[in-house]
**Q** 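One structure, pasted below without further comment.
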2 protein chains.
Amino acid sequence: MDGNVTIKDVAALAGVSPSTVSRVLNGNYRQHMTPATRDRVHAAIDALRYTPLRSARSLRRQRSHVLAVVLPDISNPFFSLLARGVESIAFGTGCSTMICNSDHSPTKERHYLEILLAEQALGIVYIPTSTPDDEGLKRLARSGARIVVADRVVPGFPSVRADNAGGSRALAEYVLRCGYRRIAYLAGPADVSTARERLEGFRAALDAAGVQPVAIEHGPFTCEAGYDLSTKLARSARVDALVAANDMMALGVLRAVEDAGLSVPDHVGVAGFDHAPWTTYLRPQLTTVEVPALQIGEVAAGQLLSEVAEDACLPTRLIEGETCVSCR
Amino acid sequence: MDGNVTIKDVAALAGVSPSTVSRVLNGNYRQHMTPATRDRVHAAIDALRYTPLRSARSLRRQRSHVLAVVLPDISNPFFSLLARGVESIAFGTGCSTMICNSDHSPTKERHYLEILLAEQALGIVYIPTSTPDDEGLKRLARSGARIVVADRVVPGFPSVRADNAGGSRALAEYVLRCGYRRIAYLAGPADVSTARERLEGFRAALDAAGVQPVAIEHGPFTCEAGYDLSTKLARSARVDALVAANDMMALGVLRAVEDAGLSVPDHVGVAGFDHAPWTTYLRPQLTTVEVPALQIGEVAAGQLLSEVAEDACLPTRLIEGETCVSCR
DNA sequence: TTGTAAGCGTTATCAG
DNA sequence: CTGATAACGCTTACAA
């Protein structure tokens, strides 16, 4: 076993000093470097298959190669796609991608932010739980980590997200165009910015059309919440359309409508938000709004690695499925 | 800005030497330590909110806190759930979880294994592409990294996976019990061990019942492959059941059968494998086999962190959906 | 039971 | 244009 080959081995083989190897490695030769020397170093690097040790480099530079993505649940398809976007950019620049699954728990999230401090993470794509850890973020920022919020909004940090309000407005307009008028809206959790934006866009479109929503109910972004809320609504009010703030809730709605002996879209129209992959395979296919998760991750990671970081709002796209019909 | 608080600061505040702090941190006091000293150190650590710098620790120990999970695609729900299992165990032991998305590319995977060498990763949960990087693995193992293969099999390394053969056999027996006899099997890629095991179990059950499969076709684990293969089969042979090696393929099958103007399960039975979350929401609900992805990740990560690492085979579970009917 | 000091592999500063 | 050298923060013999 050869143990580790170090920068000294490379230097020895190339007949130069470690500093020269380091300079080749980091492209730090302002006043130029003899091409011959550089070539010899490169040859030695290749010959020994040398790769600098990350811990030594990080210790010296006081900054690691880690790009972290802090998110509520990696097994949620939306977030895993976003993470994939981050990873693809990170890989392209030689960074490692660390997954910090907060599990919707502010405590676990806080713990992770502390670990990231100890890791001297280069950058962090941050998708907060409903209560962001302001202090942890501030400490990280002060220590020199770059931070970009994704999908949600946290005051004081640049944020990359989808045009939730616009997408929601477009969806509402589409529902209205279909002829639905007694519309109920199942909003997500009141304390999640994404949910608030979607609600806002939805309201704006109805207002503009002079239509009053039959009801607006808040609840978690889950199938169960969608089921329970819509069951209640179906009993208490005559609605002709149920619009949910995300696809999981919409799925619950579909099942509730079915269980009430009604059919979609003949008796009642249904729509969601997110365009989760499986919605394409539902029959009838769900009418929803596509949110570019992969792109959000890519753009957020890109901002971390570039010098400027500014708010970005990516466009959404209406998916005209089969759960809303236009001929009413 | 206070920069970083180091072990020296803690030592100074507690009135001890850095080594003593280090010993408290690592529980390395064989011949005991005055409780008073230990308490003072703990107090200082808390007061300063001190966390050891990972890079310094790794450099000295020649081993990092990184648990890596190398997988083909983090946006695939099966793998993201597995990754979540790894993360939950890693977090519990203060390790960081690094995601290495090979994107089904042996080249990208090889690149990642080199990075893991430079990271001095503590352990690696390895889900190979169809062609594992034997040399990279060997180098990693030689360098002291612990490696556990998950979901698949790579000779020479312990492997944690589901009982694919057993699950597939159980499914085949169920299909036979339902009364289906003209059964076609859509196997996955011939070079993926998971697919081979499922095929093997399926064959064994049919053999035992003295039933000849109408056809066995190989193809990638995709919706498209499922669609194309079953369209062809539907034309060329009269089948009464189409069993796919995973749920994505099964979904393609469902659409193909529909497009052929036939209905499931009245005209033809369908089954899949994996129990992807969305299969529950299909109507009719897909008959399939549950594979414990989360648990595979947990067990694999557990093995990395324990002293022993041995093959593990986790049980699967038949999900009796609505795409196979028993009254024929 | 605790302190001293060397060294892990790199890089940045400063000479030459 | 290149080489010494010190330092990054921590752990671990070895001493005391």
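The structure displayed is predicted, hence computed values, not measured ones. Lettering follows sequence order; numbering is per chain, from 1. Only this structure's heavy atoms are used, side chains among them; waters, hydrogens and symmetry mates stay out.
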**Q** So, is A:T6 close to the C:dG9 phosphate, meaning a side-chain N or O under 4.0 Å from OP1 or OP2?
**A** no

**Q** Let's see if you get this right: which residues in residues 114-123 of chain A place a heavy atom under 4.0 Å from DNA chain C?
**A** none

**Q** Under the side chain to side chain contact (heavy atoms under 4.5 Å, CB included) test, which residues partner A:T129, sequence neighbours left out?
**A** A:S102, A:P106, A:E109, A:T131

**Q** What residues form a salt bridge (Lys or Arg N to Asp or Glu O under 4.0 Å) with A:E119, not counting sequence neighbours?
**A** B:R54

**Q** Please, which pairs that meet side chain to side chain donor-acceptor pair (under 3.5 Å) have at least one residue in residues 146-157 of chain A, sequence neighbours excluded?
**A** none

**Q** So for B:S19 and C:dT4, does any side-chain atom that can act as donor or acceptor lie under 3.5 Å from a complementary atom in the base?
**A** yes

**Q** Could you pull out all donor-acceptor pairs under 3.5 Å where a side-chain atom in residues 304-315 of chain B meets a protein atom, sequence neighbours excluded?
**A**
| from | atom 1 | to | atom 2 | distance (Å) |
| --- | --- | --- | --- | --- |
| B:S306 | OG | B:Q303 | O | 3.3 |
| B:S306 | OG | B:V308 | O | 2.8 |
| B:D311 | OD1 | B:S159 | N | 2.7 |

**Q** For A:S58, what residues pass the side chain to side chain contact (heavy atoms under 4.5 Å, CB included) criterion, not counting sequence neighbours?
**A** A:S64, B:S55

**Q** Side-chain donor-acceptor contacts of residues 65-74 of chain A below 3.5 Å, not counting sequence neighbours, with atom names and distances?
**A**
| from | atom 1 | to | atom 2 | distance (Å) |
| --- | --- | --- | --- | --- |
| A:D73 | OD1 | A:S75 | N | 2.9 |
| A:D73 | OD1 | A:S75 | OG | 2.8 |
| A:D73 | OD1 | B:R84 | NE | 2.9 |
| A:D73 | OD2 | A:S75 | OG | 3.3 |

**Q** Please list, in numerical order, the residues of residues 54-61 of chain A that have a heavy atom closer than 4.0 Å to any atom of DNA chain C.
**A** A:A56, A:R57, A:R60, A:R61

**Q** Tell me whether the OP1 or OP2 atom of C:dG3 has a side-chain N or O from B:T20 closer than 4.0 Å.
**A** yes

**Q** Which part of the nucleic acid does B:V21 contact within heavy-atom distance under 4.0 Å: base, sugar-phosphate only, or nothing?
**A** nothing

**Q** Just jot down the ring-ring contact (aromatic ring centres under 6.0 Å, His included) partners of B:F157, sequence neighbours excluded, or say none.
**A** none

